[in-house]
Amino acid sequence: MFSPDVIGMGVGLVLTLMVFSYLIGDNPLYRLALYLFVGAVIGYSLGIVVREVFLIKVVGRLLDQNLGVLVPLVLGLLLLSKGISGMSRSGAVPLAFLVGVGTAVALGGAVLGTIVPQVAATGGVLDFRPTTGMVVLRGLLIVIGTVCTLMAFNTGVQRGEGLSALWGSTVHLLSRVGRLFLICALATAFAGAVTTALTVFVGRSDFIVKTVIRLGELLGI
Amino acid sequence: MVSEESIRCPMCGILNPADNVHCESCGARLEPLNAPLNAPRSSDKPQSDRDINSGYSVARMGSAEEPADQMPLKGPSLPGSAVEDTSRSPIPSAASKSGDWLSDLRASVPDEVYDLDDTGRPADVGEGDKLPGWLDDDISVADAISPGPAPAGDAVFDGLMPGDGELPDWLQEMRPLDDTSPDTDESGDSDDVIISQRESIFAVSDDDSDGLELSTEDEWKGTEAALERSAAAEVSDQVKLPDWLRQTASTGADIERQNAVDEVSVEPGVHAEGDADDLPEWLREVTQSVDRETGDLATKESPVFRDGERFSDPSILPHEGTGVEPDAVSHTNAVEQEGRDVRVFRETGQLSDLPDWIDRVVPTSADYGTKPADDGMPESTAAPELTNLPDWLREIMPTEVSEELRPPSIQADSDTEAAQQGESLDWLGGTLPAAAPEVTDGTQLVSDISDIGPTGTVRAGSTPEMASGREPGGLGSALEETASSDAVARPALESPESGEVPGWLRDLVSSAQSQGSRKDEPVALASEMQYGAAVRSMDDAPVFDTQDDSGLATALGLSQADIPEWLEALRPDSESLESDLEEEPVEIGGILDGLRGALPTASAMETIHTHVNHESIETPDSTLARAQLLQGLLARTPQVTRSAPGQHRTGSGIRIGRWLVVLVIAAVVFATLIWPYLTGVSPQLTRLQVEMPGADSVFGFVNGLGPSDIVLVAFEYGPGEAEELDLLATAVLGHIVAQGSRIRIVSTRPEGSAMAVNVMEPLAPDDAGAGWYDHIGYRPGGAVAISQLLSASDIDTAAVLVLTANPSVLRWWVEQSRLPGGNIPVAACIGAGLEPVAGPYFAGGAQQLAGVVSGLTGAAYYEQILLGVSGQASHRLDALAAGHLAVAGLIVIGALIHGPGRAGRKGE
């Protein structure tokens, strides 16, 4: 009668209600559910790492006589020494390696995968070859939005005299327009966040409804 | 002619009856307090004028026949032996009208004078009323004072005179030039001379230090007789003088009589009384003023008329032999001070108060033949026509001076005139003290000049008038000018003839001429004096002209130094300096007397002012309260407060509102979810009729996959985003599975594998085995892992599908897939909140994403429109739409409730 699925649905229902109990405030049930979820995720992740990384990729390759894996193994062990007093300086080497490699990859990806394509794309939208004016208008909107948004973060321009005053006034005006684009983008992000949260709530509510109905059916209610 | 029954007033010159004690005109005492007017006269041989004029000379000679026990003569006033102590000078009683006064005088004389021994030295004489034997005899004064018996007759003093070899040099000079002076038959003149001589003698006898001591009445009588004889000789020499000059001499005698009390040496002078009728009024005033001022005259000099100009400052006159003209500045100032008088005098040739006789003597501008200068400077200082001078004035003028001044009488060249003036002043220059002290006061210098005598100790009061060059009419005014230091008096330039020049003055002239090198000293002294007078007379401080110095430096080949800017900034400008000088007080003492702005740099330099804040330092109570509060906050130990669970208290209103929001949203959602279960009909709150380009692109992208293509699916989300992304993953992956493509699952998150398993299991085809999809699993390293995964040479992935709600992970996948070596199309199934991030990679011209499907709406759109099935996403979409409606309704209600109140608070 009570299959593992039903038990699992029941446990999930209880934990969901425990999390919803936060609506009445911070309570032990909420904290218990929270600790349970965190512990489960960390435990599951550790199991995955041990299995997927240490056992399969290190031990398995060592067993396969692949001694090259010793380098990441040693670096990994030195990284663990960061938590040991007196040996924390030895953990700087793998940390520096990780930071350096990660920064280089991220920087290269940012320049070649985001900045250059986005700048090229922004300039490309000003191509007036498209027949429809809506595309041109969209391209202008993208250019103006991008430039003005960048101007909104400019704080180094000061008002002076002559051309400097004209340039300062122009930057000040564009920055105000860029702030409008930023407000629109933040509003969209906030709407997406609300939608995501509401989607999760709807999903949990649907789970609760289905579980209750399932349990009612099981119980004959 | 003066009768013997009348007495001429020594003050005003009016004749009075002989028995009068006081003058009927001015009330002055007619008879001296120490000399009876009716003293017996002797018709002895008249002495020389030198003896007459210098009473001390008579006493100094002594008598050769004087017994050893007689009172010796005290030492004469030798040159250089100045007598300073005059306090013990006995003043004869006023009642000494007859011989009683001599007893009084005798009683007042100290006893020491009688201390004579047998050899003529002082010895004890006993009581004061006991006269020595020699006084008991009726001997003449010559007998009393001469070492030997006095010869009878007129040559009584000749016999008294010792031999030339016995007399010292200074006494040799006192020898009469003409021992055979003619007798005079003018008793009146003789009386005047006697009176003046007597006064001189008494003046000497008053001094007990160096003068002659006459202690007995007989001795006095003898002296009187000698004086009468000498007066006769004096009269014979002065018979040629006019009356007015004798009057002047008389006034001079009066002055000397007043000053003789304080003086040791008596200067020889002309003692003659003129007729009162001949005395002009102005001279009477001068005489009276002189009597009043007495000793003050010693330190003042009368203005001197030199070549038609009146010089009140001796220093401005050129000095003989030096050729040095007085400093132009001081000379100009000195002349400017009296420029008015000088101009008037030079233009008119006479002063208003000058008598006719002096008016004739003083040359006018016509005599000079030059026009008067406007600046007061004498353009021509040539000597006046000596032919206009009276004989008497020519006679008393020094021979060399008269010789130099005669031809030519008018000289246009001022330089030549100055040189001649300097030469003419040679005799006067020699009268300056040989070792002149440093003086800065012109009056003092004048006093020093006037004090010159044979011994260098003679006071001004004893200076002969012919040497002082006192101009009768301007004497009083000149004294005032001298006292005010606006103009310094200059001594007379005229010199009497050598025969009439006193011996002491002649000695000085000779000594000065012998010390030619010392002539510069008086000049320098005079320059200093005139500088002091000029500076004192200036209203402004001296202005230093640096241009001349710079020109001189340039001429000498000196280069001008660069003055730094800070030093230039300190240079005072002329306007400020002048204004500062006007504000500067005038120095009233010391060597800076009369200077204004003596230290101008003090005003130019910027002084440091110490500003003292006098403001009240009272602190308001509010400030103190704030300070105490701040101090308390800083002193308090920081306490970290952690809110325990359940202790976070909020307002009841907020909690009620929160519960209302939760209840509304939950009710709407639950109602929408339950509604199909209850009614069996979907509420149909949503209509998916709007195109979604991203979803359409993903749909086309998946439709382009073939059965042999491998699609790398990256599960980059966890349990928290599973409610949203599971629906998307299910929809897209179902489409891929339907296309028959190979799915390879990878994740950079450890929990991603679990999510993949949870999604893939329901999609497994019916005939799929355990490994119908490839599970790469977890790839640690983030962007590095993605880069390594995509850059692997053995990868054969046709497309990448990224399932994530994390913007960074999405960017990693997009960026690394566009790197050189990889050009793998990437599609993304993202959360609703990540749509703004993914938009630029898809909606823009970059086209880095092949398609984007986001949120529950995208999943429902993908299921219902593209796949044509009603999936789980479509079921939840109504609940989501209802929840959106509830949220929108709550926002509107909340705005309606709290909006006006907030606006009102902002207005306040």
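Order of the sequence lines fixes the chain letters, A, B, ..., with proteins taken first and strands second; residue numbering starts at 1 for each chain.
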Tell me, for [X] versus chain B, whether the close heavy atoms (under 4.5 Å) come from the side chain, the backbone, both or neither.
{"X": "A/V53", "value": "side chain"}
{"X": "A/R204", "value": "both"}
{"X": "A/A189", "value": "both"}
{"X": "A/L98", "value": "neither"}
{"X": "A/A104", "value": "neither"}
{"X": "A/I213", "value": "side chain"}

Can you measure from [atom1] ([X]) to [atom2] ([Y]) and round to the nearest 0.5 angstrom?
{"X": "B/E751", "Y": "A/I42", "atom1": "CD", "atom2": "CD1", "value": "10.5 Å"}
{"X": "B/I674", "Y": "A/K210", "atom1": "CD1", "atom2": "NZ", "value": "13.0 Å"}
{"X": "A/R51", "Y": "B/S753", "atom1": "CZ", "atom2": "OG", "value": "7.5 Å"}

Would you say [X] and [Y] make side-chain contact, with heavy atoms under 4.5 Å?
{"X": "A/D206", "Y": "B/Q872", "value": "yes"}
{"X": "B/W812", "Y": "A/V105", "value": "no"}
{"X": "B/Q848", "Y": "A/Q118", "value": "yes"}
{"X": "B/E723", "Y": "A/T199", "value": "no"}
{"X": "B/E721", "Y": "A/V200", "value": "no"}

Go through the atoms of [X] and report whether side chain, backbone, both or neither lie under 4.5 Å from a heavy atom of chain A.
{"X": "B/A882", "result": "neither"}
{"X": "B/I665", "result": "both"}
{"X": "B/R749", "result": "neither"}
{"X": "B/L663", "result": "neither"}
{"X": "B/V784", "result": "both"}

Nearest heavy-atom neighbours spanning [X] and [Y]:
{"X": "A/K57", "Y": "B/P780", "answer": "NZ-CD, 4.4 Å"}
{"X": "B/A754", "Y": "A/Y44", "answer": "CB-OH, 2.7 Å"}
{"X": "B/P836", "Y": "A/T188", "answer": "CG-CG2, 3.5 Å"}

Report task. List the steps and the verdict of side chain to side chain contact (heavy atoms under 4.5 Å, CB included) for A/F201 and B/L880. Result -> CA-CA 9 Å; A/F201 179 72; B/L880 182 62; over 6 Å; no
Requested in this report: Could you check B/H884 against A/L198 for side chain to side chain contact (heavy atoms under 4.5 Å, CB included), going step by step and ending with a plain yes or no?
Outcome: CA-CA 8 Å; B/H884 281 162; A/L198 194 57; 3.1 Å; yes
Query raised in the report: Without hydrogens or angle criteria, can the side chains of A/T114 and B/Y841 be said to hold a donor-acceptor pair below 3.5 Å?
Result: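 The criterion, which ignores hydrogens and geometry beyond distance, is satisfied for B/Y841 and A/T114.
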Query raised in the report: How about B/E835: does its CD atom have over 12 heavy atoms from other parts shown lying under 6.0 Å from it?
Result: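 No, the 6.0 Å shell around CD holds no more than 12 heavy atoms from other groups.
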Report task. Please indicate whether A/F97 has more than 12 foreign heavy atoms, meaning atoms of other residues, nucleotides or ligands, lying under 6.0 Å from its CZ. Result -> no
Query raised in the report: Is the backbone of B/G833 close enough, under 3.5 Å, to the side chain of A/T196 for a donor and an acceptor to pair up by distance?
Result: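 Yes.
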Requested in this report: State whether the side chain of B/Y778 and the backbone N or O of A/S45 hold a donor-acceptor pair below 3.5 Å, judged by distance alone.
Outcome: no
[options]: which one forms the most heavy-atom pairs within less than 4.5 Å of chain B?
{"options": "A/G102, A/A185, A/G192", "result": "A/G192"}
{"options": "A/G113, A/A40, A/A191", "result": "A/G113"}
{"options": "A/V119, A/V41, A/L46, A/V202", "result": "A/V202"}
{"options": "A/V194, A/T195, A/V101", "result": "A/T195"}

